[in-house]
Amino acid sequence: MSIKLTKRMKCIADMVTPGKSVADIGCDHGYVSIYLVEEGIADRVYAMDVAEGPLGNARESIAERGLSDKIEARISNGFDALEEGESNLAVIAGMGGMLIIDIISRGLHKMKAGYELVLSPQSDIPLVRRYLREHGFRIIDEDMLSEDGKYYCVIKARLEDTVYFDVDNGRAGSACMKEEKMARTTDEDKLLQIYDMYGEKLIEKKNPVLKEYLEKQMEKYQGIFCRISKSSGEGAAERMLQIRSELALMEEVINNWG
């Protein structure tokens, strides 16, 4: 009997391209790693975690199901314990967006064109999307779901471009993104902002969970705007301007839903 996953974990696992060698970074109890092998999605998985406690639990679960020959458990801070070429897809989920960005940044040198990422950040999702497009990755799929009263995004991205180091802003980026940035119009910048905020693939697919999320966010922001408008406190006007800008973006997405 295949291991039972939560709705979110199954969405993450099902986003993995079959036949890939997978690095499950921050594997926790190892359930996703086990599911990938038992369902025939991956023949080889590296279950990695920075803490010995969770990794010990993962090792036990892997051994109990007789999968130690196909799933190797390693102590690792991000990609540190993974050799270049050992994997061609990484799953990074269950942690904050800024930590995910840091893990990817420190592991970029171990990735080649075609390397895939399946990510489920718990915060700063727009920053993760922006980071990906500015560093040679193309988001090829995305899903959004709700579980236990919370909303989750699962992003699948592929490294399309070689990475360069931008001396001007002191960070890595992609050559094609540098050219595109120089040629972009104001409307294109606005569209990228919308895609970073709410997900190009989610909008294209008219994901019903995204629509539900946007409608709730709009109601919430309108309430906040009303409360702040009655305040004369410092920074009220600036906050109102920010909320109005975010509401305008959400309204644009909803109005074009069809």
Nearest-0.5 Å distance, CG of residue L210 to CD of residue E215: 9.5 Å
Candidate list I254, V253, L202, test side chain to side chain contact (heavy atoms under 4.5 Å, CB included), partner K211, passing option: I254
Residue pair Y151 / Q217, side-chain heavy-atom distance below 4.5 Å: no
Stepwise side chain to side chain contact (heavy atoms under 4.5 Å, CB included) check, M250 with L247: CA-CA 5 Å; M250 287 187 269; L247 278 169; 4.2 Å; yes
List the atom pairs, with distances to 0.1 Å, where a side-chain N or O of residues 76-90 and a protein N or O form a donor-acceptor pair under 3.5 Å, not counting sequence neighbours.
unit_1 : atom_1 : unit_2 : atom_2 : d
S76    : OG     : G78    : O      : 2.8
S76    : OG     : D80    : N      : 3.4
S76    : OG     : A81    : N      : 2.9
N77    : OD1    : R106   : NH2    : 3.3
E86    : OE1    : R74    : NH1    : 2.8
E86    : OE1    : E83    : N      : 2.8
E86    : OE2    : R74    : NH2    : 2.8
S87    : OG     : Y115   : OH     : 2.6
N88    : OD1    : S21    : N      : 2.9

Joint cluster assignment, Y195 & W257, ILVMFWY side-chain distance < 4.5 Å: yes
Side-chain heavy atoms of V37 within contact of I62, under 4.5 Å: no
K110 atom NZ, neighbour heavy-atom count above 12 within 6.0 Å: yes
A51 to I75 - nearest heavy-atom pair and separation: C-CD1, 3.7 Å
Heavy-atom check, side chain of C27 versus side chain of M48, under 4.5 Å: no
4.5 Å side-chain heavy-atom contact, M95 and I103: yes
Verdict with supporting geometry, E252 and K190, side chain to side chain contact (heavy atoms under 4.5 Å, CB included): CA-CA 11 Å; E252 185 162 342; K190 182 181 178 182; 2.9 Å; yes
Backbone of M98 reached by a side-chain donor or acceptor of D102 within 3.5 Å: no
Selection residues 9-53 - residue pairs positive for ring pair (Phe, Tyr, Trp, His ring centres under 6.0 Å), sequence neighbours left out: H29-Y31
Backbone of R138 reached by a side-chain donor or acceptor of E160 within 3.5 Å: no
ILVMFWY cluster, I104 and V50 together (side-chain gap under 4.5 Å): no
Rounded distance (nearest 0.5 Å) linking atom CD1 of I228 with atom CD of E238: 11.0 Å
Salt-bridge contact E251-R244 (side-chain N to carboxylate O under 4.0 Å): no
Salt bridge K205-D141, side-chain N to carboxylate O under 4.0 Å: yes
Under 3.5 Å donor-acceptor, E38 side chain and I3 backbone: yes
Euclidean distance, I34 CD1 relative to R65 CZ, rounded to 0.5 Å: 6.0 Å
Shortest non-hydrogen contact between D124 and G97, atoms and distance: CB-CA, 4.2 Å
Residue pair L249 / Q193, side-chain heavy-atom distance below 4.5 Å: yes
Heavy-atom closest pair, residues D24 and S33: OD2-OG, 2.7 Å
Reported NZ-to-CG distance for the pair K156 and D143, which is rounded to 0.5 angstrom: 12.0 Å
Heavy-atom donor-acceptor pair, R44 side chain to D69 backbone, under 3.5 Å: yes
Validation row: M15, S120 side chains within 4.5 angstrom (heavy atoms): no
hydrophobic_cluster_shared for V118 and I92, side chain cutoff 4.5 Å: no
Heavy-atom side-chain contact between V154 and L145 under 4.5 Å: yes
Over 12 non-hydrogen atoms of neighbours within 6.0 angstrom of CD in E52: yes
Shared hydrophobic cluster, I243 / I194 (ILVMFWY, side-chain heavy atoms < 4.5 Å): yes
Closest heavy-atom pair and its distance - L5, A13: CD1-CB, 4.1 Å
Ionic contact status for K201 with E204, cut-off 4.0 Å: yes
Evaluation steps, side chain to side chain contact (heavy atoms under 4.5 Å, CB included), between D196 and R133: CA-CA 9 Å; D196 287 346; R133 71 173 172 82; 2.7 Å; yes
Test side chain to side chain contact (heavy atoms under 4.5 Å, CB included) applied to I155 and I125, step by step: CA-CA 9 Å; I155 301 166; I125 298 170; 4.2 Å; yes
Flag if over 12 foreign heavy atoms under 6.0 Å of CZ, F225: yes
Pair E212-S146, side-chain donor/acceptor within less than 3.5 Å: no
Donor-acceptor contact present, side-chain S105 to main-chain I101, <3.5 Å: yes
Minimum side-chain heavy-atom gap L117-L132 below 4.5 Å: yes
Distance-minimising heavy-atom pair for K20 and G114: NZ-O, 4.2 Å
Gap separating the CE atom of M144 from the OH atom of Y198, nearest 0.5 angstrom: 10.5 Å
A93 versus R8, closest heavy-atom pair with distance: CB-NH1, 4.4 Å
Between CG on residue L192 and CZ on residue R129, distance to nearest 0.5 Å: 12.5 Å
Single-linkage hydrophobic cluster I25~Y131, side-chain heavy atoms < 4.5 angstrom: yes
